[in-house]
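To keep things clear, I will list the structure first and then write my remarks on it.
Letters A, B, ... mirror the listed sequences (proteins, then strands); counts begin at 1. What you see below is based on every heavy atom in this structure, not just the backbone, and it leaves out hydrogens, waters and symmetry mates.
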Number of protein chains: 2
Amino acid sequence: MLRPRQVRLRDVADAAGVHPATASRALNPATRAQVSADTARRVLRVAEDLGYRPNPIARSLKTARSHTVGLVLPDLTNPYFPPVVRGIESALEPAGYHAWIVDTHNDPVRERAQIDSLCARRVDGLIVATARRDHPHLRALHADGVPLVLVNRRVDGLDVPSVAPDDASGIAQAVGHLAALGHLRVALVGGPATTSTGAARTRAFGHAVRDLGLAADPALRAEASQWTEAAGAAALRRLLDAGAACTAVVAASDLLALGCYDALAERGLRCPGDVSVVGFNDMPFLSRLRPALTTVRVAQAAIGAAAARLLFDAMADPPDAPRPARPSLFPVSLVVRESTAPPRRDRGLPRPRAGGAAPGTAFRTSWAAPSD
Amino acid sequence: MLRPRQVRLRDVADAAGVHPATASRALNPATRAQVSADTARRVLRVAEDLGYRPNPIARSLKTARSHTVGLVLPDLTNPYFPPVVRGIESALEPAGYHAWIVDTHNDPVRERAQIDSLCARRVDGLIVATARRDHPHLRALHADGVPLVLVNRRVDGLDVPSVAPDDASGIAQAVGHLAALGHLRVALVGGPATTSTGAARTRAFGHAVRDLGLAADPALRAEASQWTEAAGAAALRRLLDAGAACTAVVAASDLLALGCYDALAERGLRCPGDVSVVGFNDMPFLSRLRPALTTVRVAQAAIGAAAARLLFDAMADPPDAPRPARPSLFPVSLVVRESTAPPRRDRGLPRPRAGGAAPGTAFRTSWAAPSD
DNA sequence: GTGAAAGCGCTAACAC
DNA sequence: GTGTTAGCGCTTTCAC
């Protein structure tokens, strides 16, 4: 594509008066020792002067390596991911690797095509944030020896390196916080059980509720079909429609929590006045929301960087004998903001107010002085 | 990287009992006609059976085309961009193209390296969202015949296709809205004048202020050094420190506007009670903020898709004679939310309170039914 | 320490 | 309509 006839290794070799093979050796730091210091210097200088840029395509064809890793994301518009990407790139780039980002839009069909495309382009490894608990494709890739690291979510029984936040601890902290505020009936808007993260957070919720002696009512749980605001709203709506009386809800992600905001607002329920909400991830901009969301902080960039490092390990391993991998869990911490408060004392259960009359404006006025 | 010895064109040809060249012709829709229908069918079937995936690296080496375009973004953590990326991909993918996203972190040095890397990898074209008005590198790329489309920002005097929101109209609408609310002293937190977008919006602000007969005080303008929240906050801080008395501020982007929120909050000034704020872009999540930001809506995905289509045109042109390109402007519309209100009537100029009278609630009540 | 030669997987002239 | 040949730009044995 570059017009001015790209300068090739051959041009450098000619100008330096050596064979292309020698020039190649001189240019490659790893093989530079095979060449006399003098030749090396000369070749390097000529290459510099000519503005030689090695052609990665040709190199890849020969070496079957691309110095590129595929980064498979479920949804680039989810603000959680950009910081993860930054973390990944910060670890990749010093090593001369580049990330190729694909966005599956949470669509398994798209995902398959994207991953195939990455593999065809001979990425050296894959960092995957779209894993489902049952994921034959990833399983097959791993069996094929493709270096693979999972981020956030894992595949059931697949022994592949992974890095994720400590779901159990995060949920325990969230529920603990609500319990400490005096909440007894805490609901869960869980993530899809098809994802390990969804399942783990739901499981952790069960444990926390039990340990703290809160209401263990199954009617207090709903599962969102996707990790999106819309799905979060739909899930909480179902809960409320079924008459679930709760004074707080733990959402398995921030986006789900935002959906909860919407569902509560539709019902004329205020947060945290009527219902407290806790999210998970601490994605950007949360502190600016109304109300600012209490959530579980996850070190997004650190997780990304760790994933990249694990991938380097995996790429260094013999493909037929990858080292066994225990999931690496990142510590998390609760960030208390404004979406959580003690339950209303005047009545145990919030319900749509105005025993019939349309709610709405009456409530809005009281927003004038938000709870901050 | 795929373990089970990748099946090559040669394997398909052998299995189908034809020469590799014939198999190649059969597999490529563009050359399929050169081959007997029968052979084509057979080759296709065998390829399918064997799970043949053409090796794009080898193909690229031969053809010097990659079916890949580079996408150069200043900041992937800016929520404005993911929707643009979606738009671009939605236009690229049906044509069999893939986007390679790079994030320059607003760093020209990084940008140069990233673009070089993309070019080395033989992307077929570039969609660039990081242009500066003075941009020798982009100018050189264009001179070299690299197909190029600019998004949002342009390069002074560089005749390259570009697509951007209608800055002038957006700013006019923003200022017009504030004027209609009764504001007389409207400040500008402009974007970097090194970017065409920054310059255009600042220019438009001047025109709007003049046309509407508002205060044209130079002390009412500050320029942010970057398109970030921090730079927006710093700019407004400078304005306020210098004693600029304004009742509203137009920020040249949403992120700058969020910075303004911060600077106002630091001074104990309320938005919109004391100072109204308008942003630009209508990036995601704005309606959830406190206060929900009034802003200029930009069709992000549409802009992205248009950019991709322009790039197809540019790639189709002879590289030495690209068609002349007029910038394509996308219509924008003001979205009024909660960050704008009439100026306080009790005094012309807001100042840090504690002086006494706490205003506030009185204004909020009228928001009960926000206009969105 | 350097050169010669082969070849990664594919496509595109050019024959026949 | 199909086969032959050459070669994209590089790396890597293997000689010397």
Side-chain angles (χ1 to χ4, degrees), chain A residues 1-2 4-44 46-47 50-68 96 119-122 124, chain B residues 1-2 4-44 46-47 50-68 96 119-122 124:
Chain A
M1 133 190 184
L2 255 28
R5 177 141 199 73
Q6 198 69 18
V7 2
R8 299 154 305 170
L9 178 60
R10 209 195 129 135
D11 303 317
V12 174
D14 288 352
V18 297
H19 187 96
T22 306
S24 171
R25 288 187 270 253
L27 258 8
N28 183 337
T31 52
R32 189 166 300 153
Q34 302 172 19
V35 117
S36 82
D38 203 54
T39 312
R41 225 185 324 278
R42 192 155 29 96
V43 170
L44 254 12
V46 172
L50 264 45
Y52 170 70
R53 316 278 311 160
N55 182 332
I57 309 260
R59 177 180 292 171
S60 287
L61 183 58
K62 180 65 187 172
T63 62
R65 319 200 56 245
S66 60
H67 271 71
T68 292
C119 288
R121 289 184 150 83
R122 295 301 185 275
D124 297 334
Chain B
M1 133 189 180
L2 255 29
R5 176 139 199 73
Q6 199 69 14
V7 4
R8 298 153 307 169
L9 178 60
R10 208 194 126 140
D11 303 319
V12 174
D14 288 352
V18 296
H19 188 95
T22 305
S24 172
R25 289 187 270 251
L27 258 8
N28 182 338
T31 51
R32 190 166 300 154
Q34 301 172 19
V35 114
S36 83
D38 204 54
T39 312
R41 222 185 327 278
R42 191 154 31 96
V43 171
L44 255 11
V46 172
L50 264 44
Y52 170 69
R53 317 281 308 161
N55 182 332
I57 309 259
R59 177 181 292 170
S60 288
L61 183 59
K62 179 66 185 173
T63 60
R65 318 201 56 246
S66 61
H67 272 73
T68 292
C119 288
R121 289 186 151 82
R122 295 298 184 278
D124 297 334

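Note: CZ (Arg8(B)) to C1' (dG7(C)) measures 11 Å, nearest angstrom. Summarising the geometry, the separation between OH on Tyr52(A) and P on dT11(D) is reported as 6 Å, rounded to the nearest angstrom. Between Leu27(B) atom CG and dC10(C) atom C1' the separation is 11 Å, expressed in whole Å. The distance from atom CZ of Arg122(B) to atom C1' of dC10(D) is 12 Å, rounded to the nearest whole Å. Between the CZ atom of Arg10(A) and the C1' atom of dA4(C) there is a distance of 14 Å, rounded to whole Å. The distance between atom CG of Leu61(A) and atom C1' of dG7(C), rounded to the nearest whole Å, is 9 Å. Taking atom CZ of residue Arg121(A) and atom C1' of nucleotide dG9(C), one finds them 15 Å apart after rounding to whole Å. Between the CZ atom of Arg59(B) and the P atom of dC8(C) there is a distance of 18 Å, given to the nearest Å.
Considering only residues two or more places apart in sequence or on other chains, Arg59(A) meets the side chain to side chain contact (heavy atoms under 4.5 Å, CB included) condition with Pro54(A), Thr63(A). Annotation: ring pair (Phe, Tyr, Trp, His ring centres under 6.0 Å) contacts of His19(B) (sequence neighbours excluded): none. For Asn28(A), the side chain to side chain contact (heavy atoms under 4.5 Å, CB included) partners at least two apart in sequence or on another chain are Ala30(A), Thr31(A).
Taking CG of Leu50(B) as the reference point, atom CZ of Arg8(B) lies at 11.0 Å (rounded to 0.5 Å). Rounded to the nearest 0.5 angstrom, Ile57(B) CD1 and Arg65(A) CZ are separated by 12.0 Å. Once rounded to the nearest 0.5 Å, the distance linking OG of Ser60(A) with CZ of Arg121(A) reads 12.0 Å. The CG atom of Leu61(A) sits 9.5 Å away from atom CZ of Arg122(A), with the distance rounded to the nearest 0.5 Å. Atom CZ of Arg41(A) is separated from atom CG of Leu44(A) by 9.5 Å, given to the nearest 0.5 angstrom. Rounding to the nearest 0.5 Å gives a distance of 9.5 Å between OG1 of Thr22(B) and CZ of Arg42(B).
Within the 4.0 Å cut-off from OP1 or OP2 of dT11(C), not a single side-chain nitrogen or oxygen of Thr63(B) is found.
Nearer to the 5' terminus of DNA chain C, by closest-nucleotide assignment, is the contact made by Ala58(B) (compared with the other of Asn28(B) and Ala58(B)).
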Atom pairs, protein N/O to nucleotides 3-7 of chain D N/O, distance under 3.5 Å:
residue, atom, partner, partner atom, Å
dG3(D), OP2, His19(B), N, 2.9
dG3(D), OP2, Thr22(B), OG1, 2.7
dG3(D), N7, Arg25(B), NH2, 2.6
dG3(D), O6, Arg25(B), NH1, 3.1
dG3(D), O6, Arg25(B), NH2, 3.3
dT4(D), OP2, His19(B), ND1, 3.2
dG7(D), N2, Lys62(B), NZ, 3.3

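Nearest heavy atoms, Gly51(B) versus Val7(B): O-CG1, 4.1 Å. Shown here for Leu9(B) and Tyr52(B), the closest heavy-atom pair between the two residues is N-CE1, 3.3 Å.
Axis orientation changes by 40° from one end of the helix from dG1(C)-dC16(D) to dC16(C)-dG1(D) to the other, with each end axis drawn from 5 pairs and the value rounded to 10°.
Using a 4.0 Å cutoff on non-hydrogen atoms, the parts of residues 32-43 of chain B near DNA chain D are Gln34(B), Val35(B), Ser36(B), Thr39(B), ordered by number.
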